[in-house]
Trainee: 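This is the structure I want to talk about, given as structure tokens.
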Amino acid sequence: MGILNVTPDSFSDGGRHVALDDALARAERMLAEGAAIIDVGGESTRPGAAEVSTQQELDRVMPVVEALVRELDALVSVDTSTPDVMREAASAGAGMLNDVRNLRRDGAMRAAAATGLPVCVMHMLGEPGDMQDAPYYDRPVEDAVAEFLESRVAACEAAGLRRDRLLIDPGFGFAKTVEHNLRLLKYMERLTSLELPILVGMSRKSMIGKVLERPVEERLAGGLALSALAVERGARILRVHDVEPHVDAVNMAWAVLKEGCDND
């Protein structure tokens with residue numbers, strides 16, 4: 001899943017793909033490098049980020065979604081928590097919804113169910129503006145995340161979303177310290193008990209910077225290591241900025257994991 005932020009303030013690429021031509025060129029490159037999905041986001045959810053209005057988000061996202069579907073025939077995921085954006089994106093041909101707020105905004109659950117699209121629900125406590133103030137869990141973080149996601153999946157099913165169209169995201173970097181993130185990845189197999197596809201996003205995140213003492217533009221090597229570990233622990237979709245090297249890393253890790261399986 002290639003990341004296409006059409007925002008002025010995302011943490012690593014804010015402002016680079018705001019113009020439609022720039023966004024299309026970036027998406028075309030990621031598809032050529034091996035991305036299967038393009039994830040379009042019009043609201044930054046970095047720690048401390050401010051919310052944007054529905055109209056602002058629509059103005060940023062919809063021209064890009066429409067162009068990606070029309071000109072590149074791309075499978076488009078829309079990174080949004082906003083019901084109106086979900087509905088409009090589905091009408092424009094988007095193929096998936098990706099909600100960091102796990103459908104908690106008023107009307108989001110109904111809107112997502114009405115689209116019939118696959119939906120990824122992510123673990124996050126609070127809002128981006130305050131989620132990193134003092135993250136705390138009274139039990140192992142992998143258990144807390146699994147139980148939270150299980151409850152949200154149950155709520156989705158009760159609202160009419162089909163289980164076979166749900167994905168889960170442990171939410172690395174959202175309401176978690178570096179120690180929480182590292183432990184969560186170490187024990188991420190705990191989430192496989194939900195028997196749903198796992199999407200992870202760790203590309204360029206501050207957990208890499210804090211462990212390796214690297215600025216955002218020097219975090220690729222750390223991100224490749226995390227992606228290989230995530231695949232080993234059950235991840236099936238990786239949300240990344242640097243598609244080509246991650247494709248190579250995943251293909252290499254997968255070759256090792258599947259070695260001998262045809263002969264079993």
Side-chain angles (χ1 to χ4, degrees), residues 1-18 20 22-46 49 52 57-58 60-82 85-90 92-103 108 112 115 117-124 128 165-174 196-205 223 226-227 230-231 235-247 250:
M1 175 181 277
I3 298 170
L4 185 60
N5 288 320
V6 288
T7 59
D9 56 347
S10 292
F11 78 96
S12 75
D13 57 357
R16 295 185 184 178
H17 311 120
V18 174
L20 181 57
D22 292 337
L24 280 173
R26 176 63 179 154
E28 189 169 23
R29 178 179 173 183
M30 290 192 290
L31 291 168
E33 291 176 348
I37 308 167
I38 302 298
D39 193 46
V40 180
E43 177 190 13
S44 175
T45 52
R46 60 179 171 77
V52 301
E57 192 178 353
L58 285 167
R60 293 172 180 177
V61 168
M62 292 312 303
V64 176
V65 171
E66 291 166 357
L68 289 175
V69 172
R70 181 181 65 249
E71 299 186 26
L72 300 182
D73 194 25
L75 175 54
V76 178
S77 166
V78 178
D79 183 0
T80 185
S81 303
T82 306
V85 177
M86 293 177 184
R87 285 187 283 265
E88 291 296 323
M96 177 178 163
L97 302 173
N98 182 19
D99 185 6
V100 301
R101 294 180 178 83
N102 50 79
L103 302 177
T115 69
L117 295 179
V119 180
C120 183
V121 293
M122 192 190 81
H123 175 273
M124 179 177 69
R165 296 218 161 198
L166 294 176
L167 305 87
I168 53 173
D169 181 343
F172 290 101
F174 288 80
L196 290 170
I198 300 172
L199 182 155
V200 300
M202 296 180 282
S203 178
R204 301 183 185 175
K205 286 193 171 177
L226 294 179
S227 288
V231 169
R236 291 298 174 262
I237 301 177
L238 301 176
R239 185 177 182 275
V240 302
H241 298 86
D242 307 286
V243 171
E244 188 171 43
H246 278 90
V247 168
V250 168

Trainee: Please list, one pair per line, the donor and acceptor atoms closer than 3.5 Å that link side chains of residues 29-40 to other protein atoms, with sequence neighbours excluded.
Mentor:
residue	atom	partner	partner atom	Å
Arg29	NE	Glu33	OE2	3.0
Glu33	OE1	Glu244	N	3.4
Asp39	OD1	Ser77	OG	2.6
Asp39	OD2	Asn98	ND2	3.2
Asp39	OD2	Arg239	NE	2.7
Asp39	OD2	Arg239	NH2	3.3

Trainee: Met86 and Val119: side chain to side chain contact (heavy atoms under 4.5 Å, CB included), yes or no, with the steps?
Mentor: CA-CA 10 Å; Met86 293 177 184; Val119 180; over 6 Å; no

Trainee: Given Leu226 and Lys205, is the side chain to side chain contact (heavy atoms under 4.5 Å, CB included) satisfied, shown in steps?
Mentor: CA-CA 11 Å; Leu226 294 179; Lys205 286 193 171 177; over 6 Å; no

Trainee: Against Ile198, only a single residue in Val231, Leu167, Ile168, Asp169 fulfils side-chain contact (heavy atoms from CB on, under 4.5 Å); can you say which?
Mentor: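 Going through the options one by one, the only one that passes is Ile168.
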
Trainee: So do the side chains of Val200 and Leu238 get within less than 4.5 Å of each other, counting heavy atoms only?
Mentor: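 When only atoms from C-beta onward are counted, Leu238 and Val200 do touch, with a gap below 4.5 Å.
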
Trainee: So which heavy atom on Ala94 is nearest to which on Val78, and how close?
Mentor: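 Taking every non-hydrogen atom into account, CB-CG2, 3.9 Å.
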
Trainee: Start with the C-alpha distance between Arg204 and Asp242, add both sets of side-chain angles, then the distance that settles side chain to side chain contact (heavy atoms under 4.5 Å, CB included), and finish with yes or no.
Mentor: CA-CA 9 Å; Arg204 301 183 185 175; Asp242 307 286; 3.0 Å; yes

Trainee: Might you work through the side chain to side chain contact (heavy atoms under 4.5 Å, CB included) test for Ser44 and Asn5, ending with a clear yes or no?
Mentor: CA-CA 8 Å; Ser44 175; Asn5 288 320; over 6 Å; no

Trainee: What I'd like to find out is whether the side chain of Leu97 reaches to under 4.5 Å of the side chain of Thr115, using heavy atoms alone.
Mentor: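 They are in contact (side-chain heavy atoms under 4.5 Å apart), so the answer is yes.
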
Trainee: Please list all pairs meeting salt bridge (Lys or Arg N to Asp or Glu O under 4.0 Å) that have one or both residues in residues 63-73, counting only residues at least two apart or in different chains.
Mentor: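 Those involving residues 63-73 do not exist here.
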
Trainee: Which residues pass the salt bridge (charged side-chain N to carboxylate O under 4.0 Å, His left out) test with Arg165, not counting sequence neighbours?
Mentor: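 If we apply the salt bridge (charged side-chain N to carboxylate O under 4.0 Å, His left out) test to Arg165, skipping adjacent residues, there are no hits.
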
Trainee: Which atom names give the shortest non-hydrogen contact between Met62 and Ala92, and what distance separates them?
Mentor: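 Closest pair (atom of Met62, atom of Ala92, distance): CE-CB, 3.6 Å.
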
Trainee: Just to verify, what does Ser227 make a side chain to side chain donor-acceptor pair (under 3.5 Å) with, not counting sequence neighbours?
Mentor: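 Listed in chain order: His246.
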
Trainee: For Glu28, what residues pass the salt bridge (charged side-chain N to carboxylate O under 4.0 Å, His left out) criterion, not counting sequence neighbours?
Mentor: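 Partners of Glu28 under the salt bridge (charged side-chain N to carboxylate O under 4.0 Å, His left out) test: none.
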
Trainee: Which heavy atom of Ala112 sits nearest a heavy atom of Leu103, and at what distance?
Mentor: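 Heavy atoms only, the tightest pair is CB-CD2, 3.8 Å.
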
Trainee: Of all heavy-atom pairs between Thr7 and Gly41, which one has the smallest distance, and what is that distance?
Mentor: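 Here Thr7 and Gly41 meet closest at CG2-O, 3.6 Å.
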
Trainee: Test of understanding: with side chain to side chain donor-acceptor pair (under 3.5 Å), list the residues that count as partners of Arg236, not counting sequence neighbours.
Mentor: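 Arg236: no side chain to side chain donor-acceptor pair (under 3.5 Å) contacts found.
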
Trainee: Is the backbone N or O of His241 less than 3.5 Å from a side-chain atom of Ser203, with the two atoms forming a donor-acceptor pair by type?
Mentor: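 At least one qualifying donor-acceptor pair exists.
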
